[in-house]
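Everything below concerns the one structure shown next.
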Amino acid sequence: MPAFPYSTTPTSTAVAVPPSLALPVIEAEFPRQLHAYWPRLQENTRRWLLETRLMPADKVAAHVDGLRYTDLMAGYYLGAPDEVLQAIADYSAWFFVWDDRHDRDIVHGRPVAWRRLRRALHTALDSPRDHLHHQDTLVAGFADSVLRLYSFLPQTWNARFARHFHAVIEAYDREFHNRTEGVVPTVEEYLALRRLTFAHWIWTDLLEPSAGLELPDAVRKHPAYRRPALLSQEFAAWYNDLCSLPKEIAGDEVHNLGISLVTHEKMTLEQAIADLRRRVEECIYEFLVAEREGLRFADALEDGTLRGKELSAAVRACLGNMRNWFSSVYWFHHESGRYRVDSWDDRSTPPYVNNETAGEK
């Protein structure tokens, strides 16, 4: 199925977006784009999932193209060399499969299996080459994707990526315990945890190999760069919460901003949805302001030296892709089968997951 079944112009959308989830500013001000490598990306990621046995062959055949995982990445990291985009797309597909395994370990009460996986992922992150043939296909697939990501930029970038992903693994562990114990985090606790479980800084880190340059700390940590980066990720995480709320309520989830608002702020579900939407819209408008600051920062980096010219170009490329994240995330949520709970036989059990109920092994 093509990535864009209909017109991709701002005035003609590919799918009908429910009014409660429609964001006219995204459709008007954030033109949708797609990396030219996308058709091969989809084919290669589908093949990679089969070769690594990350998903059963019948699930891959029935669901992977409709889940649109490669569309999400191909709409984000524009300008990336093909091999970089392929590595990112495979890693992203792995991330979705990991998220599903984490969910099923909770649903089926497998704490020992989760602890074993958590330890293995921490170890594989630091020594991926030693885990390419791990008996757990999820660990082996992770090692393969990480090893490829580590090949593009210097060791300093690799160490930062590893540091950020170690924190993501630990955040998933906190979510595991919250869900198994029925603990709904407060709004502030949730917002802090969500930045990790959504992997804000991982997707931001991956802007750099896409631009072909590791950014120095003075640039990467500058407010003019960090602010639009954070807003692009907050938008994605909170819009995901808005779109996945029915799915997560059906699955007895405790990790969703809407659920925290209902539980701790005593809002009705309708009020929580309105608050979520307000936060999402504020992210968009604040990004438009921050984007202008970022572009001025990029201009200031061009100081007449070759290094200044390279840094300025890289920052501009990264800012452009932060902008692309808005449209890519928006359309992904309406085209991907991942959120179509009304079409599932069981609203609490996604059809694309391996839902085997075996206990600890």
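This one's a predicted model, so the numbers in the text were calculated from it and none came from an experiment.
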### CA sep, side-chain torsions, deciding dist, call: R194, N240, side chain to side chain donor-acceptor pair (under 3.5 Å)
CA-CA 11 Å; R194 185 62 164 146; N240 175 269; 2.8 Å; yes
### Task
Might you work through the side-chain contact (heavy atoms from CB on, under 4.5 Å) test for Y150 and L125, ending with a clear yes or no?
CA-CA 10 Å; Y150 283 176; L125 186 57; 3.4 Å; yes
### Task
I would like to know whether E302 and R316 meet salt bridge (Lys or Arg N to Asp or Glu O under 4.0 Å); could you show each step before the answer?
CA-CA 11 Å; E302 194 159 357; R316 284 184 169 276; 5.8 Å; no
### Task
Please lay out, stage by stage, how L230 and H200 fare under the test side-chain contact (heavy atoms from CB on, under 4.5 Å).
CA-CA 7 Å; L230 178 61; H200 281 25; 3.8 Å; yes
### Query
Going through the distances and angles, do N324 and Y77 end up as a side-chain contact (heavy atoms from CB on, under 4.5 Å)?
CA-CA 8 Å; N324 288 333; Y77 296 102; over 6 Å; no
### Query
Is there a ring-ring contact (aromatic ring centres under 6.0 Å, His included) between W48 and Y91 once you walk through the steps?
CA-CA 10 Å; W48 184 76; Y91 166 77; 9.4 Å; no
### Message
Let's go through R227 and E286 carefully: what are the C-alpha distance in whole Å and the side-chain angles of both, what is the deciding distance for salt bridge (Lys or Arg N to Asp or Glu O under 4.0 Å) to 0.1 Å, and is it a yes or a no?
### Response
CA-CA 9 Å; R227 177 69 174 159; E286 289 177 16; 2.7 Å; yes
#### Entry: side-chain contact (heavy atoms from CB on, under 4.5 Å) evaluation trace for T204 with Q233
CA-CA 8 Å; T204 303; Q233 294 299 318; 3.8 Å; yes
### Task
Carefully, step by step, assess R101 and D105 under the rule salt bridge (Lys or Arg N to Asp or Glu O under 4.0 Å).
CA-CA 6 Å; R101 168 83 74 86; D105 278 350; 5.1 Å; no
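Atoms CZ and CD1, from F95 and I88 in turn, are 13.5 Å apart once rounded to the nearest 0.5 Å. To the nearest 0.5 angstrom, S210 atom OG is 10.0 Å from M73 atom CE. Rounding to the nearest 0.5 Å places CZ of R46 at 5.0 Å from CD of Q42. Going from atom OG of S327 over to atom CG of L23 covers 12.0 Å, rounded to the nearest 0.5 Å.
Here F235 and F326 bring their ring centres to under 6.0 angstrom of each other. Aromatic ring centres of W98 and F165 lie closer together than 6.0 Å. No close placement of the W325 and F287 rings is indicated, their centers lying 6.0 Å or farther apart.
Y330 and R32 share no side-chain donor-acceptor pair at under 3.5 Å. Looking only at atom types and distance, the side chain of W157 has no donor-acceptor partner in the side chain of D205 under 3.5 Å away. For D90 and Q86, the side-chain atoms include at least one donor-acceptor pair closer than 3.5 Å.
Using a 4.0 Å cut-off between charged nitrogen and carboxylate oxygen, E43 and R47 do not count as a salt-bridge pair. With respect to the salt-bridge test (charged N to carboxylate O, under 4.0 angstrom), the residues E189 and R174 do not qualify. The pair D173-R115 does not count as a salt bridge, with every side-chain nitrogen at least 4.0 angstrom from each carboxylate oxygen. Looking at E293 and R296, a side-chain N of the basic residue comes within less than 4.0 Å of a carboxylate O on the acidic one, giving a salt bridge. Salt-bridge formation is not detected for the pair R104/D100: no Lys NZ or Arg NE/NH1/NH2 atom is positioned less than 4.0 Å from an Asp or Glu carboxylate oxygen. The pair D144-R148 meets the salt-bridge criterion, since a charged nitrogen lies less than 4.0 angstrom from a carboxylate oxygen.
Transitive grouping of hydrophobic side chains (ILVMFWY, heavy atoms separated by less than 4.5 Å) keeps L147 and V84 in distinct clusters. Under a hydrophobic clustering in which Ile, Leu, Val, Met, Phe, Trp and Tyr are joined whenever their side-chain heavy atoms come within less than 4.5 Å, directly or via other members, L193 and V187 fall into different clusters. Cluster membership check: L215 does not share its hydrophobic cluster with L78, using side-chain heavy-atom separations under 4.5 Å among Ile, Leu, Val, Met, Phe, Trp and Tyr. Linking Ile, Leu, Val, Met, Phe, Trp and Tyr residues whenever their side-chain heavy atoms come within less than 4.5 Å places L67 and V15 in a single cluster. Hydrophobic cluster membership differs between F161 and L196, with clusters built from Ile, Leu, Val, Met, Phe, Trp and Tyr side chains linked at under 4.5 angstrom.
Around CZ of R278, the count of heavy atoms belonging to other residues, nucleotides or ligands within 6.0 Å exceeds 12. No more than 12 heavy atoms of other residues, nucleotides or ligands shown are found within 6.0 angstrom of CD on Q135.
Ring geometry, H131 versus H134: the interplanar angle falls under 30°, so the pair is classed parallel (tilted spans 30 to 60°). Note: F332 and F96 have tilted aromatic rings, judged against thresholds of 30 and 60 degrees for the angle between ring planes. Relative ring orientation between H102 and F176 is described as perpendicular, the plane-to-plane angle rising above 60° on a 0-90° scale split at 30° and 60°. Between H63 and Y352, the angle of the ring planes goes over 60°, which puts this pair in the perpendicular group of the 30/60° scheme.
With a 4.5 Å cut-off on side-chain heavy atoms, T52 and T137 do not count as touching. The shortest distance between side-chain heavy atoms of L138 and L54 falls below 4.5 Å.
When each of N256, D241, T197, T263 is paired with Y190, the side chain to side chain donor-acceptor pair (under 3.5 Å) condition holds for D241 and for no other. Residue E170 forms a salt bridge (charged side-chain N to carboxylate O under 4.0 Å, His left out) with just one option from R119, R118, R163, and that option is R118.
For the pair R226 and W201, the cation-pi criterion (under 6.0 Å, within 45° of the ring axis) is fulfilled.
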